[in-house]
Protein chains: 2
Amino acid sequence: MPKDRNPTRIQKKNRATILEAALEVFSTSGFRGATVDQIARAAGLSKPNLLYYFPSKEAIFTELLSGLLDTWLDPLRAIDPQGDPLEEFLAYVQRKLQMSRDFPRESRLFANEIVQGAPRMLETLSKDLKPLLEEKADLIEGWMADGKLNRTHPKHLLFSVWSLTQHYADFDVQVRTLMGDEDPFDAAPAHLEQMFRRMLTPAPKI
Amino acid sequence: MPKDRNPTRIQKKNRATILEAALEVFSTSGFRGATVDQIARAAGLSKPNLLYYFPSKEAIFTELLSGLLDTWLDPLRAIDPQGDPLEEFLAYVQRKLQMSRDFPRESRLFANEIVQGAPRMLETLSKDLKPLLEEKADLIEGWMADGKLNRTHPKHLLFSVWSLTQHYADFDVQVRTLMGDEDPFDAAPAHLEQMFRRMLTPAPKI
DNA sequence: CGTGAGTTTGACCAGTTGGTCAAATCATGA
DNA sequence: TCATGATTTGACCAACTGGTCAAACTCACG
C-alpha cells in the first residue's frame, strides 16, 4: 500500500490510469454492475495490482465521485453576481450543456448514483451541493426582485437547467437513436438558449 | 413451469406479485444490481418458487419493460391533433409530470436502463418509440407551420418535456434533499406550465 | 374422500466476485 | 553495484449469484 505522501512517478501514473478506467466502467455499469476485474483490465493492470493502489472497489468509487464533483459544479459557481443577469444565466446554461457534450461519462456516473438513491452521495448532496444551490438561488431571486429576470421559482429553474442539459449526456443512446443522423448537439444549444431566454426575459407577459 | 394458457388463480396472483416486487427492486438497483433473492424476498416467495413462475431474472426484467412501456407512452399518444395546439401540448406536459409523481419507479426503471446504454431496450426504442416520436414531431411541426405554436425544434422540444418531467422522478432523492421540506410537486406543475407556455406561445418575439 | 396436476422448498451446483498473500520482480539512489 | 523499498503477480479464499432438481406438499374436482 503506497503512502499518500510523496507518491512516486509510477504511483501518480497508475492511480490516474485507474481512475480514468474506473470512470469508464462505473459510468456505464454503475457501482454494483462494475467489477474490479473490468476496471483492472481497462486500466491494463492485474486485479491484485489495482488493489495495491486502492484499498477497495468502494474506495475507487468514492475517490472518483469526490474528485469529479468540483469540476462538475464549476459552471454553476462561475455565475457572476456582477454580470448582466440574463446573459449570465444563459451563459451558464451553455457551459452546462458543454459539460454534457465534453464529459458525458461524468454525467452518467452521477446519474447512475442518484437514480439508485445516491447511497454514497447523499452526504455530499446536502453538505456541498445544497449550500451552493441556495447561494445561487438567492442570487437569482435577487435578480428577479430587481426586475432583471422574469419571476419564476429559482430552485426549479436550476433543476430545469440540470435536467435539460444532462439529459443529452445521460440519455445519449436514446437521443441518438431517435435523432438518427442528426447530431443532437447541433441544435441543442440554440434550443436551450431560446427556451431560457423566453422563460427569463422580464417583459410584458406574452 | 406453468403454461401461459389457462393460468390458475395462484399463477395470476403470484406472477403479479413478482412483477410488482421486481419493479421495486430493479428500479432502485438496476438489472445487474438486483438479485433474484431480493426480488423473491420482496415478493414473499422462495427463490426456486419465483423461478417456477419465470424462467430467469432476464425474463422477469424484459416482461416488466415491455409491460410498462405502453402505459409510459400513453400521455404522448393522447395528444389530440384536433385539439388546440398550445393547450394540447401543455396538457401533455402536465400528464407527463403526473406520471413522474405517480409512477416514479417506472421512470427510474427506464432511466437505469437507458443511462447504462439500454442494452435490453435499444430495439424497443427504434421499433416503438421512434415512430411515435416522429408522428408527434410531425404533428407539432405542422402546428408551428400554421403559426399556432412558436417555431422550435420539435424533437428537442419533446426531449425537453421528457427530461424536465422525468427529472422529478429519476433524481427524486437529489431534488428532495435540495428542497428540504417543500414538496417538489407543489411548484413543479406551475413552473413547467410557465416554461412551455412562454416557449410555445406564438407571439411577437419578446 | 382420493388422485393427479399444480405448487413449494431444501439442498445443491458451477461460475463470479471482492479481496488476500507470499513470493517474485523491478527501480533507484547511496 | 547492490541493498532496499516499491511494484507486480499467480494462486487462493470465502461469500454471493443465477439457476437446477427431486422430493414434499397443497389444491381442485370427480
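In what follows, chains carry the letters A, B, and so on, assigned in the order in which the sequence lines appear, proteins first and then strands, with residues in each chain numbered from 1. Remember, predicted model here, so these are calculated numbers, not experimental data. Hydrogens, waters and symmetry mates play no part in the numbers below; they use all other heavy atoms, side chains included.
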Nearest to the [X] side chain among [options], which nucleotide is it?
X: Lys47(B); options: dA6(D), dG18(D), dT7(C); answer: dG18(D)
X: Arg32(B); options: dG19(D), dT17(C), dT8(D); answer: dT17(C)
X: Ser46(B); options: dT7(C), dG18(C), dT9(C); answer: dT9(C)
X: Leu51(A); options: dG19(C), dT9(D), dT7(C); answer: dG19(C)
X: Ile10(A); options: dG18(C), dT8(C), dT8(D); answer: dT8(D)
X: Tyr52(A); options: dC21(C), dA6(D), dG19(C); answer: dA6(D)
X: Lys57(B); options: dG19(D), dT17(C), dT7(C); answer: dG19(D)
X: Pro48(B); options: dT7(C), dC21(D), dG18(D); answer: dC21(D)
X: Asn49(B); options: dT9(C), dT17(D), dT7(D); answer: dT9(C)

Under 4.0 Å between a side-chain N/O of [X] and OP1 or OP2 of [N], yes or no?
X: Asn14(A); N: dT8(D); result: yes
X: Thr8(B); N: dT7(C); result: yes
X: Gln11(B); N: dT7(C); result: yes

Taking for Leu45(A) and for Ser56(B) the nucleotide of DNA chain D with the nearest heavy atom, the one nearer the 5' end belongs to Leu45(A)
With nearest nucleotides of DNA chain D determined for Asp37(B) and Arg9(A) from heavy-atom distances, which residue corresponds to the more 5′ nucleotide?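 The residue closer to the strand's 5' end, by nearest nucleotide, is Arg9(A).
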Touch check for Phe54(B), heavy atoms < 4.0 angstrom, all strands: base, sugar-phosphate only, or nothing?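 Answer is nothing: Phe54(B) stays at 4.0 Å or more from every strand.
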Item to complete: Determine the contact category for Ala59(A): base if any of its heavy atoms lies under 4.0 Å from a base atom, sugar-phosphate if only primed atoms, P, OP1 or OP2 are that close, otherwise nothing.
Response: nothing
How many whole angstroms separate atom [atom1] of [X] from atom [atom2] of [N]?
X: Lys12(B); N: dT7(C); atom1: NZ; atom2: P; result: 12 Å
X: Arg41(A); N: dT9(D); atom1: CZ; atom2: C1'; result: 16 Å
X: Leu50(A); N: dG10(D); atom1: CG; atom2: P; result: 15 Å
X: Ile18(B); N: dG18(D); atom1: CD1; atom2: P; result: 15 Å
X: Phe61(B); N: dG18(D); atom1: CZ; atom2: C1'; result: 16 Å

The single option from Asp138(B), Asp84(B), Leu86(B), Leu149(B) that satisfies side-chain contact (heavy atoms from CB on, under 4.5 Å) with Trp143(B) is Leu149(B)
Could you tell me how the ring of Phe171(B) sits relative to the ring of His167(B): parallel (under 30°), tilted (30 to 60°) or perpendicular (over 60°)?
-> parallel
Across all chains, not counting sequence neighbours, the side-chain contact (heavy atoms from CB on, under 4.5 Å) partners of Ile10(A) are Thr8(A), Asn14(A), Tyr53(A)
Practice task
Establish, from distance only, whether the side-chain atoms of His153(B) and Glu182(A) form a donor-acceptor pair under 3.5 Å.
Solution key: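 Yes, Glu182(A) and His153(B) have a side-chain donor paired with an acceptor closer than 3.5 Å.
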With Phe61(A), the ring-ring contact (aromatic ring centres under 6.0 Å, His included) member among Phe110(A), Phe31(A), Phe54(A):
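Result: among Phe110(A), Phe31(A), Phe54(A), Phe31(A) is the only option passing the ring-ring contact (aromatic ring centres under 6.0 Å, His included) with Phe61(A).
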Between Leu200(B) and Phe89(B) the two heavy atoms that sit nearest each other are CD1-CD2, 3.3 Å
